[in-house]
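Hydrogens, waters and symmetry mates play no part in the numbers below; they use all other heavy atoms, side chains included.
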Amino acid sequence: MKKKRHEHHEEHIDETWLIPYADLLTLLLALFIILFASSQIDSKKFEQIMKGLNSGFNGGTGMFEQSNMVPLTVSPNIEKKKEDEKKKNEQESQQEQQMKALHDKEMQDLKELQQKLDGYIKDNGLLSQLETKLNEDMLKITIRDNALFQSGSAEVKQESQVLAQSITSMLSGYNQYNVEVAGFTDNVPINTREFQSNWDLSAKRSLNFMKLLMQNGKIDPAHYRSIGYGEYQPIDTNDTAEGRAKNRRVEVNIIRQINSAGAKSFIP
């Protein structure tokens, strides 16, 4: 009697899971493609990818075709930032042009005033007592103290009041400018009942001369101020009589509203 042969059948692994797994990988691939496309600014490429996916998955039709997604465009914030930057540059350029026009107008005004003053100084033989200088900040009128005051005094001499009136007449046509009247002394000490120091003397001289400028009522007091610097801003040496004479002075500074750097006058 023959023995029955036992046949061993190999067990097959269940591979049905591969189908959903492959579908999952396909969906993940599609997701990554969509995410990649969404990160790009170029909306045309995005639309091409969508059409390709529609065609591959649904024969050209499907959910992507009905998508409500808005085509990607350049970020509105970026566009707004560019527009704001452009407006800012235009405003700055316009302000620079306005500043330049004002700067040029002031230079023209002060050159004109300087010519009038220089003409007056020359015609009246005052070249040794008065001088003018024009720079980027101001027109400076320098008056030696002996043209205005007696030694150690802050009272303007009677014969010098005509000079103050003449300067006022010329300044009255330029009331838009701020004016500083400054007094200076040499370093010779002073200690009298009226003036305890050169500070006091210089301050009183500048104030008295400014008041004299305002007597005819043609200039605006709101644009004027007086200040005393004492002996501390010399323009020459104090070791000689000639140098000390130069240091004793009154300056009338017509100050520009806008200097070359675009800065405004320091007087309010």
Side-chain angles (χ1 to χ4, degrees), residues 109-110 112-135 137-186 188 190 192-235 244-257 265-268:
D109 285 349
L110 295 184
E112 181 183 84
L113 177 57
Q114 185 182 31
Q115 290 174 356
K116 292 179 181 179
L117 289 164
D118 288 344
Y120 173 84
I121 294 170
K122 184 178 179 181
D123 293 343
N124 290 274
L126 299 173
L127 293 173
S128 62
Q129 297 177 319
L130 281 81
E131 66 175 346
T132 65
K133 288 183 180 179
L134 177 62
N135 57 37
D137 297 318
M138 66 186 75
L139 171 61
K140 184 187 298 292
I141 308 169
T142 301
I143 311 171
R144 297 282 182 87
D145 77 322
N146 59 3
L148 299 175
F149 311 102
Q150 298 290 345
S151 178
S153 172
E155 295 298 321
V156 180
K157 293 188 291 188
Q158 187 67 32
E159 61 270 24
S160 299
Q161 295 185 11
V162 176
L163 170 62
Q165 293 170 3
S166 299
I167 292 176
T168 299
S169 296
M170 287 180 275
L171 291 177
S172 63
Y174 304 88
N175 272 330
Q176 71 272 30
Y177 293 96
N178 294 318
V179 177
E180 178 187 80
V181 182
F184 305 84
T185 68
D186 57 24
V188 177
I190 186 172
T192 64
R193 187 175 63 178
E194 188 176 5
F195 306 112
Q196 285 73 47
S197 68
N198 283 322
W199 283 110
D200 300 309
L201 177 60
S202 64
K204 189 65 174 178
R205 282 181 168 182
S206 64
L207 178 61
N208 286 347
F209 188 70
M210 186 182 71
K211 287 180 177 178
L212 198 58
L213 291 176
M214 295 182 179
Q215 279 187 356
N216 64 3
K218 293 182 179 179
I219 58 178
D220 184 0
H223 287 277
Y224 281 70
R225 76 173 183 184
S226 69
I227 187 169
Y229 289 98
E231 64 199 67
Y232 299 105
Q233 291 195 21
I235 57 175
R244 290 192 294 272
K246 289 182 179 179
N247 291 332
R248 298 190 300 269
R249 67 198 189 276
V250 169
E251 291 179 355
V252 180
N253 300 317
I254 300 92
I255 301 168
R256 303 185 62 153
Q257 296 176 5
S265 166
F266 60 85
I267 299 181

Note: F184 and N247 closest approach over all heavy atoms is CB-O, 3.4 Å
Item to complete: State, to 0.1 Å, how close I255 and Y177 come at their nearest heavy-atom pair, and which atoms those are.
Response: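 So the two residues come closest at O-CD2, 3.6 Å.
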Among all residues two or more places apart in sequence or in another chain, which pass the side-chain hydrogen bond (donor to acceptor under 3.5 Å, both in side chains) test with [X]?
X    : result
R248 : D145, D186
Q233 : none
S160 : none
S197 : D200

Task: ring pair (Phe, Tyr, Trp, His ring centres under 6.0 Å) partners for F149, two or more places apart - done: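 So F149 forms no ring pair (Phe, Tyr, Trp, His ring centres under 6.0 Å) with any residue.
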Sequence neighbours excluded, the answer for ring pair (Phe, Tyr, Trp, His ring centres under 6.0 Å) partners of F195 is none
Working note: V179 + I219, criterion side-chain contact (heavy atoms from CB on, under 4.5 Å); need CA distance, chi angles, decisive distance, verdict. CA-CA 10 Å; V179 177; I219 58 178; over 6 Å; no
Contacts satisfying side chain to side chain donor-acceptor pair (under 3.5 Å) that involve residues 120-131 (not counting sequence neighbours) are Y120-S166
Residues pairing under side chain to side chain donor-acceptor pair (under 3.5 Å) where one sits in residues 211-220, two or more places apart or in two chains, turn out to be none
How long is the straight-line distance from [atom2] of [Y] back to [atom1] of [X], given to the nearest 0.5 Å?
X    : Y    : atom1 : atom2 : value
S151 : I190 : OG    : CD1   : 7.5 Å
T168 : L213 : OG1   : CG    : 4.0 Å
R225 : M210 : CZ    : CE    : 10.5 Å
I121 : I141 : CD1   : CD1   : 7.5 Å
Y232 : T185 : OH    : OG1   : 8.5 Å
L117 : E112 : CG    : CD    : 11.0 Å

A quick test of your reading: do over 12 heavy atoms of other residues, nucleotides or ligands sit less than 6.0 Å from NZ of K133?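 Result for NZ/K133: open.
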- W199 and Y229: aromatic ring centres closer than 6.0 Å?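 Not under 6.0 Å, so no.
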In chain order, what residues pass the side-chain contact (heavy atoms from CB on, under 4.5 Å) check against [X], with sequence neighbours excluded?
X    : result
Q176 : D109, Y174, Q257
S206 : V181, S226
Q114 : D118, T132, L134, L139

query = Checking R205 side chain against S153 main chain: does a donor-acceptor pair fall under 3.5 Å?
reply =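 Yes; judged by distance alone, with no hydrogens or angles, the pair exists.
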Sub-4.5 Å side-chain heavy-atom contact between [X] and [Y]:
X    : Y    : value
I143 : L163 : yes
T142 : L130 : no
L171 : L113 : yes

task = List for me each residue that meets salt bridge (Lys or Arg N to Asp or Glu O under 4.0 Å) alongside E251, sequence neighbours excluded, and say none if there are none.
result =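 E251 satisfies salt bridge (Lys or Arg N to Asp or Glu O under 4.0 Å) with K140, R249 only.
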Working for side-chain contact (heavy atoms from CB on, under 4.5 Å), residues E155 and Q150: CA-CA 8 Å; E155 295 298 321; Q150 298 290 345; over 6 Å; no
Run the side-chain contact (heavy atoms from CB on, under 4.5 Å) check on V188 and R244 step by step: do they pass? CA-CA 9 Å; V188 177; R244 290 192 294 272; 3.8 Å; yes
